[in-house]
Amino acid sequence: MFESGLRLRIPPSPTGSLHLGTARTALYNWLLAKRFKGVFVFRLEDTDRERSKSEFVTDIIEGFKWLGIDWNEGPLRQSEHKARHQMVVNQLLDKSLAYECFCSSEELEQIRIAQRALNKVEGYDNRHRNLTKEQKEAFRAEGRKPVIRFKLPNKAEIAWTDLVRGKMSVNASDLGGDPVIAKENGDVLYNFAVVVDDHDSAINCVIRGEDHLHNTAKQIPIYEAMEWEIPKFAHVPLILTANREKLSKRKHGDIASISNYIKAGYLPEAINNYLIAMSWQFPSDNNKEVFTKEEAFKYFDLKDLSKSAAIYDPLKLNWFCKEHFQRLSAEEVLARAKAGGFLELSNNLEEYSKEEQLQIISLMKDGLIKLSDLSNPASAASLLVFCQAPNLQDLNQEAKNCLQEPEAKLVLSELNNLLETSPDFSPEIVQKLLINLAEKTGLKKGKKLFWPIRVAVSGNVHGADLVSLLNILNKNRLQERVKATLQYLEI
RNA sequence: GCCCCCAUCGUCUAGUGGCCUAGGACACUUCCCUUUCACGGAGGCGACACGAGUUCGAAUCUCGUUGGGGGUACCA
């Protein structure tokens with residue numbers, strides 16, 4: 001299908017930070033480029049001068065890098081092709097395939113109102129298609145400045161075979177009139193610029209969101225007018241929120257921006273996995289859900305993509321996160337946590353040896369969703385327990401209740417006594433210590449015995465395996481915290 | 001309003017005319033493991049939107065209805 005070599009592109013506009021949907025479209029492009037050894041072009045769609053910002057350019061590039069999405073050409077900037085765009089506008093004008101339109105926004109609005117009243121397609125009625133020289137001069141004399149409109153073919157059916165959806169067609173008359181390609185101030189518009197730039201980059205396959213379906217119908221006639229080769233089109237399904245609206249930066253900024261996932265310490269491999277799996281899975285192996293994009297590209301094909309929109313499910317994303325954390329070594333988790341600045345606790349882990357740090361991470365990484373959980377006191381994966389004694393004044397209800405039990409004081413004072421004579425900790429010693437404690441207190445293994453220790457140590461009745469926890473924490477810290485709790489109970 | 005797209009458990013999906021009393025995953029839930037939480041293991045709940053047609057036979061093909069989404073700018 002792509003004898004001359006597949007050429008793909010992703011053209012985000014730097015009017016906001018990298019959007020989850022853009023990332024997903026980029027991913028699908030990347031997957032296909034890798035699979036068929038194509039060229040992937042990265043272009044910044046920055047023709048809207050008021051809304052485009054350099055900080056967003058940085059954000060988008062950082063986002064792609066974080067996800068591991070690389071490109072072969074670019075970043076190109078649409079704004080640098082102004083002269084070229086102008087040239088093509090003039091060519092269309094010369095060939096009478098485009099024309100000047102002098103309608104004011106008020107006139108346009110009136111046309112729409114009238115059309116709507118008749119249940120017709122709203123849009124421009126092409127009234128200035130065939131203005132005479134005199135008419136144009138008259139408008140100019142009024143001080144009007146024209147926009148340039150492209151002549152859509154009359155009553156023609158615009159059809160293409162979509163690589164995701166199959167046969168598609170839109171009637172030209174349903175497109176809302178001849179589209180403006182250049183504004184009054186000379187700036188060209190998206191639907192025109194994108195065609196010129198894609199052609200100039202020799203793009204032969206356009207993968208974009210389903211929201212562009214009508215744009216494709218507007219763009220194909222421009223290719224035809226210029227006698228340019230029309231690329232293949234593939235419209236991928238959209239991401240919807242739980243209440244079924246298109247995921248937008250403005251309304252759902254927290255979940256829509258890649259930068260937020262970076263900040264929260266998500267694993268890029270989990271985001272990639274989720275984004276791909278939203279609309280695609282391994283052909284003939286739907287049991288394989290957890291995979292990397294490098295595994296996926298070997299089998300990826302647009303025809304296997306789902307046609308319907310997917311609803312963003314944070315719970316499923318969390319599951320992918322857990323799965324990918326489990327596949328990471330403790331070394332790797334530790335390195336990423338450090339590099340990302342997620343170990344900035346009050347006393348950080350530096351007082352533990354490297355080996356102990358790795359033990360700590362292994363102990364905690366089972367249920368880890370994102371790296372920021374490591375320093376979030378509310379999270380079960382919080383490392384706070386290793387860094388500071390619990391605040392006994394401010395315990396949760398479960399912990400409070402536990403300490404009020406009569407056995408709590410008994411357990412802790414006996415433990416305190418045993419610690420006086422205990423040798424330095426090892427897993428075996430801790431194990432023995434707990435057995436001794438059970439004997440001394442007459443309590444069998446159970447909540448009555450172990451919960452008070454947990455509260456004294458971590459301020460919580462739940463947590464990681466107690467023997468490992470105490471062993472890493474070590475004798476001194478345990479002693480300090482048990483004493484502090486006993487003191488607290490005396491008052 | 002008009003145009004376009006989509007339609008299997010709550011969610012993501014497998015399924016391309018008989019292997020379907022519809023399979024998997026997330027979520028929920030029961031039990032087991034476990035000093036706790038989690039992890040892990042074994043179960044459970046739960047869907048072909050509806051109506052016609054084609055066919056010996058339809059989740060799969062056709063048409064209609066309904067529902068959902070997107071588009072409808074001198075934004076991208």
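For the numbers below, each heavy atom of this structure counts, side chains included, while hydrogens, waters and symmetry mates do not. Letters go in sequence order (proteins before strands), and every chain restarts at 1.
- Across C12(B), A25(B), A38(B), the shortest atom-to-atom separation from the side chain of Ala310(A) is found for C12(B).
- Distances shorter than 4.0 Å separate none of the side-chain N or O atoms of Arg208(A) from OP1 or OP2 on A76(B).
- Side-chain N/O atoms of Lys316(A) and base N/O atoms of A25(B) include a donor-acceptor pair closer than 3.5 Å.
- One C1' atom belongs to U8(B), the other to C12(B), and the distance between them is 12 Å to the nearest Å.
- An OP1 or OP2 oxygen of G71(B) is reached within less than 4.0 angstrom by a side-chain nitrogen or oxygen of Lys246(A).
- For Ser308(A), counting side-chain heavy atoms from C-beta on, the closest listed nucleotide (G1(B), C74(B), A7(B)) is A7(B).
- Taking the ring centre of Trp319(A) as origin, the terminal cationic atom of Lys322(A) falls outside the region bounded by 6.0 Å and 45° from the ring axis.
- Put simply, CD on Gln219(A) is 13 Å from C1' on G71(B), counting in whole angstrom units.
- One finds a side-chain N or O of Thr47(A) lying less than 4.0 angstrom from the OP1 or OP2 phosphate oxygen of A76(B).
- Residues Tyr124(A) and Asn126(A) have side chains in contact (heavy-atom distance under 4.5 Å, counting atoms from C-beta outward).
- Rounded to whole Å, the distance from CD1 on Ile181(A) to P on A76(B) is 13 Å.
- For a distance-only test at 3.5 Å, the side chain of Arg51(A) qualifies as a donor-acceptor partner of the base of C75(B).
- A14(B) sits 15 Å from G23(B) when the P atoms are compared, rounded to a whole Å.
- Side-chain nitrogen and oxygen atoms of Lys183(A) include at least one within less than 4.0 Å of the OP1 or OP2 phosphate oxygen of C75(B).
- Arg112(A) comes within contact range of the sugar-phosphate backbone alone, with a heavy-atom separation under 4.0 Å but no base atom that close.
- The CD-C1' distance, from Glu106(A) to C74(B), rounds to 13 Å in whole Å.
- Rounded to an integer number of Å, the gap from CD1 of Ile239(A) to P of U11(B) is 17 Å.
- Judged by distance alone, with hydrogens and angles left aside, His214(A) brings a side-chain donor or acceptor within reach of the base of C3(B), the pair sitting under 3.5 Å.
- For the C1' atom pair drawn from A59(B) and C20(B), the interatomic distance equals 9 Å after rounding to whole Å.
- Heavy atoms of Arg244(A) sit under 4.0 angstrom from primed sugar atoms or phosphate atoms, though from no base atom.
- Counting atom types as modelled, Glu184(A) pairs a side-chain N or O with a base atom of C74(B) as donor and acceptor under 3.5 Å.
- When the nearest nucleotides of RNA chain B are assigned to Leu315(A) and His462(A) by heavy-atom distance, the more 5′-ward of the two goes with Leu315(A).
- Screening Arg129(A), Arg149(A), Lys218(A) for a salt bridge (charged side-chain N to carboxylate O under 4.0 Å, His left out) involving Asp178(A) leaves a single residue, Arg129(A).
- Residue contacts for Ser279(A): at a heavy-atom cut-off of 4.0 Å it reaches the sugar-phosphate backbone alone, with no base atom in range.
- Among the protein residues, Gln326(A) comes within range of the sugar-phosphate backbone only, with heavy atoms under 4.0 Å from sugar or phosphate atoms but none that close to a base.
- Within 4.0 Å of Leu189(A), counting heavy atoms only, lie sugar-phosphate atoms of the nucleic acid but no base atom.
- In this structure, Val147(A) reaches the bases: a heavy-atom distance under 4.0 Å links it to at least one base atom across the strands shown.
- Here the P atom of nucleotide A73(B) and the CG atom of Asp48(A) are 16 Å apart, to the nearest Å.
- Contact annotation for Ala217(A): no contact, since no heavy-atom pair falls under 4.0 Å across all strands.
- If you check every strand for non-hydrogen atoms under 4.0 Å, Asn215(A) touches a base.
- Distance Asp465(A) CG to G40(B) C1': 15 Å, rounded to the nearest Å.
- Of the candidate nucleotides C74(B), A76(B), C5(B), A76(B) has the atom nearest to the side chain of His212(A).
- Across all strands shown, Gly463(A) has heavy atoms under 4.0 Å from base atoms, whether or not it also approaches the sugar-phosphate.
- Of the candidates U36(B), C74(B), G1(B), the closest approach to any side-chain atom of Trp451(A) belongs to U36(B).
- Looking at Lys288(A) and Tyr299(A), their side chains never come closer than 4.5 Å, going by heavy atoms from C-beta outward.
- Tested against Asn460(A) for a side chain to side chain contact (heavy atoms under 4.5 Å, CB included), the candidates Val385(A), Leu395(A), Asn396(A) yield a single pass: Asn396(A).
- A donor-acceptor contact shorter than 3.5 Å is absent between the side chain of Ser201(A) and the backbone of Asp198(A).
- Looking at heavy-atom distances under 4.0 Å, Lys448(A) makes no contact with the nucleic acid at all.
- Salt-bridge formation is not detected for the pair Glu428(A)/Lys432(A): no Lys NZ or Arg NE/NH1/NH2 atom is positioned less than 4.0 Å from an Asp or Glu carboxylate oxygen.
- For Arg165(A), whose side chain is taken as the heavy atoms from C-beta onward, the closest listed nucleotide among G24(B), U11(B), C5(B) is C5(B).
- Nearer to the 5' terminus of RNA chain B, by closest-nucleotide assignment, is the contact made by Asp174(A) (compared with the other of Asp174(A) and Glu45(A)).
- Contact annotation: side chain of Asp313(A) to base of A27(B), donor-acceptor pair absent below 3.5 Å.
- Closest to the Leu213(A) side chain, of the nucleotides C4(B), C2(B), U35(B), is C4(B).
- Nucleic acid contact class of Cys103(A) (heavy atoms, under 4.0 Å, all strands): base.
- Taking CD from Glu109(A) and CD from Glu122(A), the interatomic distance works out to 8.0 Å, rounded to the nearest 0.5 Å.
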